[in-house]
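This report refers to the structure that appears directly beneath it.
In what follows, chains carry the letters A, B, and so on, assigned in the order in which the sequence lines appear, proteins first and then strands, with residues in each chain numbered from 1. Atoms considered below: every heavy atom in the structure, side chains included; atoms not considered: hydrogens, waters and symmetry mates.
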Amino acid sequence: MSPATGSPASGSGTTAGDEPAAGDAGAPGGRTRAERYDHTAIERRWQQRWAAEGLYRTPDHDPQRPNRYHLTMFPYTSGDLHIGHWFAIAPSDALARFHRMRGSNVLFPIGFDAFGLPAENAAIKGGAHPADWTRANIERMRGQLRSMGAMFDWSREVATNAPDYYRWTQWWFLQLYKQGLAYRHEAPANWCPSCNTTLANEQVVDGRCERCETPVEQRRLAQWFLRITNYAEELLANEQLDWPEHVKVMQRNWIGRSEGAEAAFALDAGALAGGEAEGDAADEPSEIRVFTTRPDTLCGVTFMVLAPEHPLVERLTTEEQRAAVEAYVYDAESATEIERQATDRPKSGVFTGSSCVNRLTGERVPIWIADYVLASYGTGAVMGVPAHDQRDFEFAQQYGLPITVVVAPPEWDGEPLDAAHVEAGTMVCSGQFDGLPSEEAKGAIARHLGERDWGGPTVTYRLRDWLISRQRYWGAPIPIVYCDDCGEQPVPDAELPVKLPYDVEFLPTGQSPLALSEEFVNTTCPACGGAARRETDTMDTFMCSSWYFMRYCDPQDAEHALSPQLAESWLPVDQYTGGSEHATMHLLYARFFYKAARDAGIVPGDEPFTRYFSQGQILGPDGRRMSKSRGNAVAPDAQVERWGADAFRAYLMFLGPWEQGGPYDVDGIVGVARWLNRAWTVATEPPALVDGGDAEQARALRQQAHQTLARVTHDLERLRFNTMVAALMEYTNALWRARESGAQDRAAWDEALSLLALMLAPACPHLAEELWQRAGRAGFVHGQPWPEADADLVRRDTVELPVQVNGRVRERLEVPADADEAAVRAAALASERVRAHIEGHEIVRAIYVPGRMLNLVVK
RNA sequence: GCCGAAGUGGCGGAACGGCAGACGCGGCGGUCUCAAAAACCGCUGGGCUUCACGGCCCGUGUGGGUUCGAAUCCCACCUUCGGCACCA
């Protein structure tokens with residue numbers, strides 16, 4: 001087995017005979033016949049050599065190097081790799097390489113997110129089976145990924161559709177089930193009529209399906225949910241994570257914590273109209289609970305509103321109102337989410353005929369239903385306080401309901417309001433709470449409710465439990481069996497995986513395709529051995545991607561999803577990179593998964609991704625999202641073929657700050673290509689070299705090299721790839737000029753070229769390797785330690801110091817970097833140009849920042 | 001409506017409160033060539049001025065402010081992009 005980290009001895013610089021003659025480029029003073037920079041041959045050669053020598057195989061432990069886990073989001077198997085993949089992966093690879101050279105045993109794995117709708121949709125269009133389509137795509141994408149020259153450890157590749165992967169996805173589901181975090185529940189669910197499946201809340205964007213933009217409807221179905229809400233508070237506490245602030249804010253907004261109170265409104269005993277049909281009085285509710293962030297307004301309640309889907313609606317509806325209520329409920333349920341959520345239409349609702357009692361005041365208020373109340377938030381019921389909530393105000397106006405002010409606006413004269421007063425004020429008409437500032441009354445009333453068991457202070461989240469059931473074929477089957485006698489039963493671990501059958505009519509019909517397969521459905525009960533039926537829904541693919549980074553640590557383990565030892569040695573991920581479009585989906589789900597795994601004692605720490613960086617989005621040359629239909633897509637393969645992977649990688653890094661993204665200018669890459677050609681020429685056609693050359697010139701060259709090294713190192717540390725490339729370009733230009741200026745000191749020149757290859761290694765791994773090898777150095781450049789910049793050389797001895805008069809630059813002086821103020825001031829006053837501006841004025845002040853500038857203030 | 005990020009040459013962008021425009025694209029002029037491409041060399045924010053070297057003024061979305069000094073910090077506004085939104 002080859003050494004995993006490419007120790008210097010393992011791959012010697014001598015090359016096999018399959019390479020073009022390196023020429024005698026290194027010959028003293030030799031300007032030999034020019035050899036072109038042949039990126040195609042170079043890249044192919046080194047990719048083969050690295051693979052053959054196992055350079056990037058990462059051992060689980062290395063006695064010399066600490067483990068470090070770098071991860072880039074794995075691609076979906078949608079077909080060809082697009083430029084966005086390159087933009088996401090190339091800088092990540094550069095970063096991983098940098099940390100590897102800095103001495104870590106870096107794990108940088110890759111795999112495929114392979115289950116999900118696109119495979120089925122493509123299959124429906126093209127006729128190929130999703131499994132075959134996916135396999136073909138993986139094969140093609142593997143080749144494209146290899147063309148990047150990234151340091152992936154391919155021995156750890158995972159694909160989420162492989163039975164030995166989804167076996168463990170199913171195991172995770174059962175693990176969560178055992179932890180009480182997975183449950184089946186019948187409720188109205190988001191339904192995409194085009195994809196023919198339910199969707200998680202996170203997958204509904206502006207009332208439309210995240211994938212196909214079809215307006216989402218509600219359907220009442222029994223579905224599997226994961227209790228992500230159990231972790232709402234912990235997921236909210238993300239301040240300490242080293243993540244982009246905007247992503248943390250998005251997650252916090254998504255979780256949406258609201259502090260307030262729950263209040264129970266009393267129902268009359270036997271008041272429920274539908275009660276007799278449902279049977280015993282024991283389960284007859286005696287109250288309606290509401291959630292409010294404004295307990296201070298409780299005495300201003302003049303009506304109660306339930307969501308049309310509220311479970312009590314039917315029983316609260318009186319005979320006289322039944323027709324109207326049923327018509328309203330029907331309309332509300334058949335409306336799309338977009339229609340339901342439109343805020344600009346007038347409020348509507350229907351009276352149920354029943355009433356309830358506000359226990360705080362003893363007042364009786366009518367119970368209405370209205371579609372502005374959401375069944376899925378809070379308790380699905382709200383107290384109507386028209387004086388202090390604009391929605392309730394509009395509703396009260398619409399239906400002539402009373403408006404009672406209980407929080408008096410400052411200077412209020414008792415006149416009726418023309419809009420809700422939602423700000424703070426002084427309590428009125430609220431009995432014992434009168435006179436209190438409303439902010440204080442909030443807590444006082446909430447506590448009052450708690451003391452009497454009428455509710456009390458509480459916290460509500462916008463976050464809903466994660467709906468993971470999908471009525472589609474191409475996913476991991478949910479490992480549950482239903483038995484008439486024993487009910488819902490988990491499939492025993494030993495029977496996993498529950499295999500997804502190949503031979504199934506997978507066209508989506510709204511019914512789960514697996515339900516059509518007798519062979520799949522019919523099974524025996526794990527508890528009693530009797531006949532039973534399998535769950536036929538599959539899991540949301542976000543389940544598969546919530547733990548893939550764990551599997552990379554232990555990809556072949558047949559006994560565990562991952563072993564505790566390997567979890568301990570690799571997790572959590574040190575550096576994660578990927579797009580922030582996953583802020584409230586994958587990144588939130590993965591955090592939830594990790595916390596559940598932690599509670600099960602499987603993984604260390606509390607968070608899966610210690611540090612996360614989100615790159616921006618790469619756009620088409622026209623500044624719009626790239627897409628084939630727009631005709632503005634740039635194919636990476638063509639760029640690689642024409643310019644080489646190294647040039648393409650470097651150009652993607654050079655475009656701008658990585659977190660920003662931006663348009664891809666197809667013409668701009670020539671600048672990078674020119675740069676690499678120059679680097680090639682500088683390295684392969686050196687100037688005349690002499691031992692003991694001009695000392696001053698040699699020092700200047702070494703200074704250039706070490707100053708660049710300091711910049712490049714700093715830029716890599718802060719993920720500023722664009723300025724790293726710019727620094728390398730400047731350095732190459734400096735070497736170019738040095739080469740033109742005549743003979744160079746041999747030692748200085750060799751060091752300068754060696755540093756060039758080392759500094760190129762993260763961004764342009766193939767060219768760096770080629771130059772390293774041509775310089776006759778041992779081992780792979782990627783096995784070398786990252787060089788240390790010499791502080792003495794980085795420091796500048798003299799600086800060009802601007803001299804300002806009243807803040808305007810009038811002169812530039814070449815002075816020693818550590819010159820004292822008196823010396824600089826004297827030099828400044830000796831300057832003709834400075835004198836011209838201070839003549840006839842008095843110098844009242846001077847500000848000197850050593851090494852930066854001198855400012856003379858005159859009057 | 002609420003929250004967040006960003007506005008700098010023709011373009012992408014650089015710039016610990018201290019020389020605005022690094023680096024690159026494009027453009028202009030030149031070398032090489034029969035020619036073109038490639039490559040290389042020089043110039044390239046605007047205005048005024050000088051035979052010239054040079055000098056002066058303006059300039060980082062707009063308007064104010066803090067400071068010896070502001071692209072950078074503060075306030076208000078405008079625009080663009082992203083997120084959330086009948087969430088009680």
Side-chain angles (χ1 to χ4, degrees), chain A residues 34 205-206 244-254 256-258 260 290-294 297 305 307 340-345 347 370-374 376-385 388-392 394-395 422 460-464 580-581 583-584 616-617 621 623 651 654-657 659-672 674-675 677-678 681 711 720 722-733 736 740 799-812 833 836-837 844-849 851-858:
Chain A
V205 177
D206 293 333
E245 198 54 37
H246 76 277
V247 174
K248 294 198 283 188
V249 168
M250 269 195 252
Q251 291 200 340
R252 289 200 289 265
N253 288 345
W254 185 259
R257 184 181 198 272
S258 289
V290 299
F291 171 74
T292 178
T293 53
R294 295 293 304 275
T297 65
V305 199
R340 279 290 296 267
Q341 286 171 13
T343 54
D344 49 357
R345 70 204 164 103
K347 298 279 172 290
D371 64 2
Y372 77 90
V373 177
L374 307 177
S376 52
Y377 182 75
T379 62
V382 304
M383 57 188 210
V385 187
H388 306 295
D389 181 283
Q390 188 55 29
R391 293 156 301 189
D392 297 344
E394 288 167 26
F395 191 76
V422 297
T460 294
Y461 302 90
R462 213 191 66 98
L463 181 71
R464 315 286 155 78
S580 59
E581 68 272 16
T584 57
Q617 196 173 51
Y651 182 51
F654 182 61
L655 281 176
E659 67 272 23
Q660 196 178 299
Y664 184 85
D665 174 7
V666 277
D667 298 321
I669 194 172
V670 300
V672 171
R674 280 177 196 147
W675 161 52
N677 271 308
R678 277 167 172 249
T681 305
R711 285 173 68 186
R720 294 301 292 264
N722 57 329
T723 49
M724 171 193 73
V725 172
L728 287 170
M729 285 174 167
E730 283 183 64
Y731 179 53
T732 307
N733 290 341
W736 184 270
E740 294 299 304
V799 290
E800 199 186 65
L801 190 95
V803 177
Q804 304 176 343
V805 177
N806 285 349
R808 313 187 72 117
V809 177
R810 299 302 182 185
E811 177 63 293
R812 287 163 189 137
R833 278 195 275 260
H837 285 94
V844 294
R845 203 175 155 189
I847 295 104
Y848 177 58
V849 183
R852 303 299 303 194
M853 60 96 229
L854 172 70
N855 188 13
L856 300 172
V857 184
V858 301

Which nucleotide, B:G18, B:C3, B:C68, lies nearest any side-chain atom of A:N253? B:C3
Of all the nucleotides listed (B:C41, B:A15, B:A88), which has the minimum atom distance to the side chain of A:W736? B:C41
Among B:C3, B:G24, B:G54, the one nearest A:R833 by side-chain distance: B:G54
Return no unless some side-chain N or O of A:W254 is found under 4.0 Å from OP1 or OP2 of B:C3. no
When you check the phosphate oxygens OP1 and OP2 of B:G55, does a side-chain N or O of A:R810 lie under 4.0 Å from one of them? no
Just to be sure I follow the notation: if a pair is Watson-Crick (purine N1 to pyrimidine N3 plus N6-O4 or O6-N4) or a G-U wobble (N1-O2 and O6-N3), each under 3.5 Å, what dot-bracket string does RNA chain B give, with | for pairs to another strand? (((((((..(((.....[....)))((((((.......))))))(((((....)))))..(((((..]....))))))))))))....
Scan A:E730 against the nucleic acid and name what it touches under 4.0 Å (heavy atoms): base, sugar-phosphate only, or nothing. sugar-phosphate
Separation of the C1' atoms in B:C48 and B:C25, to the nearest angstrom: 30 Å
Contacts of A:Y461 and A:V249 projected onto RNA chain B by closest heavy atom; the upstream (5') one is A:V249
Counting any heavy atom closer than 4.0 Å, what does A:V725 reach on the DNA or RNA strands: base, sugar-phosphate only, or nothing? nothing
With sugar-phosphate meaning primed atoms plus P, OP1 and OP2, does A:P663 contact a base, only sugar-phosphate, or nothing at under 4.0 Å between heavy atoms? nothing
How long is the line joining OH of A:Y664 and C1' of B:G12, in whole Å? 13 Å
Check this one for me: any side-chain N or O of A:H246 less than 4.0 Å away from OP1 or OP2 of B:A6? no
Could you check if a side-chain atom of A:T297 sits within less than 4.5 angstrom of a side-chain atom of A:M383, using non-hydrogen atoms only? yes
When you compare B:U62 with B:G10, how far apart are their P atoms, in angstrom units rounded to a whole number? 14 Å
From the candidates B:A88, B:C86, B:G69, the one with an atom nearest any side-chain atom of A:N855 is B:G69
Value in whole Å for how far the C1' atom of B:G12 lies from CG of A:L655: 7 Å
B:A88 phosphate, OP1 or OP2, under 4.0 Å from A:Y372 side-chain N/O: no
Which nucleotide in the list B:A14, B:C25, B:C58 gets nearest to the side chain of A:R720? B:A14
Examine B:A39: is either OP1 or OP2 under 4.0 Å from a nitrogen or oxygen in the side chain of A:R674? Give yes or no. yes
Nearest-nucleotide wise, let me know which of A:I847 and A:M729 is further upstream toward the 5' end of RNA chain B. A:M729
Expressed in angstrom and rounded to an integer, what is the separation of A:K248 atom NZ from B:G83 atom P? 20 Å
A:E740 CD - B:C41 P separation (whole Å): 7 Å
Can you tell me which nucleotide in B:C25, B:C23, B:A14 comes closest to the side chain of A:F654? B:C23
Taking only side-chain N and O atoms of A:R678, does any of them lie within less than 4.0 angstrom of OP1 or OP2 on B:C40? yes
Phosphate-side-chain proximity, A:S258 and B:A88, N/O vs OP1/OP2 below 4.0 Å: yes
As a test of reading the structure: which of B:C23, B:C68, B:G26 is closest to the side chain of A:V670, going by heavy atoms? B:G26
Indicate, with a heavy-atom threshold strictly under 4.0 Å, whether A:Q660 touches base, sugar-phosphate, or nothing. sugar-phosphate
In terms of side-chain heavy atoms of A:R462, which of B:A14, B:A20, B:C84 is nearest? B:C84
Taking the side chain as every heavy atom from C-beta outward, state whether A:S580 and A:H246 have any pair of such atoms under 4.5 Å apart. yes
Taking the P atom of each, how far is B:G7 from B:G24, in whole Å? 23 Å
Would you mind reporting whether A:V672 and A:V670 have side-chain heavy atoms less than 4.5 Å apart? no
Quick one: which of B:A88, B:G83, B:C41 gets closest to the side chain of A:T293? B:A88
Checking B:G18, B:C25, B:A14 against the side chain of A:Q804 (C-beta onward), the nearest is B:G18
Check whether any side-chain nitrogen or oxygen of A:R808 sits under 4.0 Å from OP1 or OP2 of B:A70, and answer yes or no. no
Tell me whether the side-chain N/O atoms of A:N677 come closer than 4.0 Å to OP1 or OP2 in B:A39. no
Between B:G17 and B:G69 - C1' atom distance, rounded Å: 8 Å
OH of A:Y848 versus C1' of B:G17: gap in Å, rounded? 18 Å
Do the side-chain N or O atoms of A:R845 get closer than 4.0 angstrom to the phosphate oxygens (OP1, OP2) of B:C68? yes
Determine if the base of B:G21 is syn or anti; take syn to mean the glycosidic torsion is within 90° of 0. anti
When you look at A:R345 and A:E394, which way does the salt bridge (Lys or Arg N to Asp or Glu O under 4.0 Å) test go after all the steps? CA-CA 11 Å; A:R345 70 204 164 103; A:E394 288 167 26; over 6 Å; no
Once you apply a heavy-atom cut-off of 4.0 Å, does A:H837 come out as touching a base, just sugar-phosphate, or nothing? sugar-phosphate
Pick the P atom in B:G27 and in B:A85, then give their distance to the nearest Å. 47 Å
Determine: side-chain N/O of A:N722 to OP1/OP2 of B:G24, distance under 4.0 Å, yes or no. no
